[in-house]
Amino acid sequence: MTPVFSARKKTLYGWKNGGKNFAVFCSGQGTNLQAIIDAVKNNRIKANLALVVCDNPKSRAITRSRRAGIETVLVGHGREDMEFEIQRHLERKNIRFIALAGFMRILSDKFVGKFKNRILNIHPALLPSFKGARAINDALRYGVKVTGCTVHFVTEEIDGGPIILQESCPVNDGDSAASILARVHKLEHKLYPRAINLIAEGKLKIAGRKVFIK
Ligand code: GRF
């Protein structure tokens, strides 16, 4: 399905209510995945988490998704093969959008292009500060007094897509990377389900770099 702006309704996505299947991609602890699973269960996300894609056989995310009865696929190997395999699963499950939740692979421009405006990511810093895989350590080392998390659309530029939601928290004297991570995680577990529900309900509108919530 190609995402389209409908001139009349000004909605970004071609789907109607219902039948909104989405996938979560992860590699690690899966605490965000768990928050998403819980939010779907409680109807805070009005869409169907139909698939979990994981690239790490040791990931706790696998246990979480299987426990919740969600189809979970383990993918691996070279990027091209992996993306081909992922696409097959996405098509098979009629996936409309994707939430990256600690997925430690960089998706190719081709893949991102195919799912333009349909891939979200959560990043543990206030973008555009501290892009990259070591955001929390970088923020701590830099000496910021405030940090937080960002949900954004994924584009070809890593951690550079239009921002959907952000939330901040303080950095206190004596904080460690672990204590900041715990604080940021608390924010993420609320913010990500909210953002996912916004896309699920077709409430996001993108104009250039800006995202508007209807
Ligand atoms: C989160 O902190 C997220 O911001 C980053 O990766 C981490 C994933 O944590 N992209 P978890 O696997 O959801 O616990």
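All ligand and atom numbering here is 1-based and tracks the order in the structure.
Atom-to-atom distance recorded for I199:CD1 and I164:CD1 is 6.0 Å, nearest 0.5 angstrom. Between atom NZ of residue K20 and atom CG of residue N94 there is a gap of 13.0 Å, rounded to the nearest 0.5 Å.
Annotation for ligand 1: atoms under 4.0 Å from non-hydrogen atoms of G102 are 6 (O), 8 (C), 10 (N). Proximity to Q29 (heavy-atom distance under 4.0 Å) selects the following atoms of ligand 1: 12 (O), 14 (O).
The nearest heavy-atom contact from the protein to atom 4 (O) of ligand 1 is E188 OE2, 2.4 Å. Ranking protein heavy atoms by distance to atom 9 (O) of ligand 1, first place goes to H185 NE2, 3.4 Å. With hydrogens left out, the protein atom closest to atom 14 (O) of ligand 1 is T31 OG1, 2.5 Å, a heavy atom.
Within the 4.0 Å heavy-atom criterion, the part of H123 lying near ligand 1 is the backbone and not the side chain.
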Task: Verdict with reasoning, D38 to R44, per salt bridge (charged side-chain N to carboxylate O under 4.0 Å, His left out) - done: CA-CA 8 Å; D38 296 344; R44 279 180 289 122; over 6 Å; no

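A salt bridge is defined here as a Lys NZ or Arg NE, NH1 or NH2 lying under 4.0 Å from an Asp or Glu carboxylate O, and K131 with E157 meets this definition. Using a 4.0 Å cut-off between charged side-chain N and carboxylate O, E71 and K93 make a salt bridge.
Of the polar atoms of G30, at least one N or O is found under 3.5 Å from an N or O of ligand 1, judged by distance alone.
Aromatic ring orientation, H152 versus H123: perpendicular (interplanar angle above 60°, classes split at 30° and 60°).
Distances from atom 10 (N) of ligand 1 to the heavy atoms of I36, I122, N121, N32 put I122 nearest.
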